[in-house]
Engineer: 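Below is one structure. I have some questions about it.
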Amino acid sequence: MVLRSEHGAAFAPFAARWPYEVHLNARGHMPGLPGLASAERAELAGVYRDVLRCFEDVAEEALPYTATWVQAPARRDRHPNHLHAQIISDRFRPDRPKRLAAGELGAATFVSEAVPEDTARSSRSACGPSRRDTTVASRQ
């Protein structure tokens, strides 16, 4: 667990594919961002902002990252989905990107040079109370 709030949770997934990978889930099942109440949306946005700030502080220099929000397909009969964001960095150090090897590409598997538990621990430390928005920190 990296950050937790009443309406969201940010965590490093088990067997993360990338050196730094954090998933941010809304706690309720909903098809997309418009399904959030305004208080839920504001709180989730705060946790999202805090996770992005963690990527600035987790290494000697800010790590580049890619962020993707996953929502249910846009259609009239949308079924509840687990709205979530995936934030990843291909770096385990600012100067060292993860490069997929031939075996990884051929077998469709990832081998990480970083230990996921260690990067999750450093992400949690970078997201420590001094970096968090007081509204998020007070709900933990």
Engineer: Which value, rounded to the nearest 0.5 Å, describes the distance between Arg27 atom CZ and Glu40 atom CD?
Structural biologist: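 So the CZ of Arg27 and the CD of Glu40 are separated by 12.0 Å.
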Engineer: Just verifying a value: how many Å separate His23 NE2 and His84 NE2, rounded to the nearest 0.5 Å?
Structural biologist: 6.5 Å
Engineer: Side chains of Glu21 and Pro13: does their closest heavy-atom pair fall under 4.5 Å?
Structural biologist: yes
Engineer: Mind checking whether Arg17 and Gln86 have side chains closer than 4.5 Å, heavy atoms only?
Structural biologist: no
Engineer: What pairs with Ala67 under side-chain contact (heavy atoms from CB on, under 4.5 Å), at least two apart in sequence or on another chain?
Structural biologist: Tyr48, Tyr65, Ile87
Engineer: Please enumerate all residues that pass side-chain contact (heavy atoms from CB on, under 4.5 Å) together with Thr66, with sequence neighbours excluded.
Structural biologist: Thr68, Ile88
Engineer: Find the distance between CZ (Arg53) and CD (Glu56) and round it off to the nearest 0.5 Å.
Structural biologist: 7.5 Å
Engineer: Strictly distance-based, threshold 3.5 Å: is any side-chain N or O of Arg4 a donor or acceptor partner for the main-chain N or O of Ala10?
Structural biologist: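 Flag not set: sc Arg4 to bb Ala10 has no pair under 3.5 Å.
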Engineer: For Ser89, check side chain to side chain donor-acceptor pair (under 3.5 Å) against everything at least two apart and list the hits.
Structural biologist: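 None.
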Engineer: With sequence neighbours excluded, tell me which residues meet salt bridge (Lys or Arg N to Asp or Glu O under 4.0 Å) with Arg121.
Structural biologist: Asp118
Engineer: Hey, what do you get for CG (Leu63) to CG (Asp57), rounding to the nearest 0.5 Å?
Structural biologist: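 These two atoms lie 10.0 Å from each other.
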Engineer: Considering all heavy atoms of both residues, which atom of Tyr20 and which atom of Val58 are nearest to each other, and what is their separation?
Structural biologist: CE2-CG2, 3.4 Å
Engineer: Which heavy atom of Ser123 sits nearest a heavy atom of Cys54, and at what distance?
Structural biologist: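 Closest heavy-atom pair between Ser123 and Cys54: O-SG, 4.2 Å.
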Engineer: Taking C-beta and beyond as the side chain, do Leu83 and Trp69 meet within less than 4.5 Å on heavy atoms?
Structural biologist: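 Counting from C-beta outward, Leu83 and Trp69 do come under 4.5 Å.
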Engineer: Testing Val47, Leu44, Asp50, Leu24 for side chain to side chain contact (heavy atoms under 4.5 Å, CB included) with Ser5, which one passes?
Structural biologist: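 Exactly one option meets the side chain to side chain contact (heavy atoms under 4.5 Å, CB included) with Ser5, and it is Val47.
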Engineer: Less than 4.5 Å apart, any side-chain heavy atom of Gln71 and any of Pro34?
Structural biologist: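 Yes, side chains in contact.
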Engineer: Apply side-chain contact (heavy atoms from CB on, under 4.5 Å) to Ala12 and list each qualifying residue two or more places apart in sequence or on a separate chain.
Structural biologist: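 Listed in chain order: Ala120.
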Engineer: Within the distance-only criterion (no hydrogens, no angle test), does the side chain of Arg41 pair as donor or acceptor with the backbone N or O of Leu36 below 3.5 angstrom?
Structural biologist: yes
Engineer: Is there a path of hydrophobic side-chain contacts, each under 4.5 Å between heavy atoms, that joins Phe11 and Val51?
Structural biologist: no
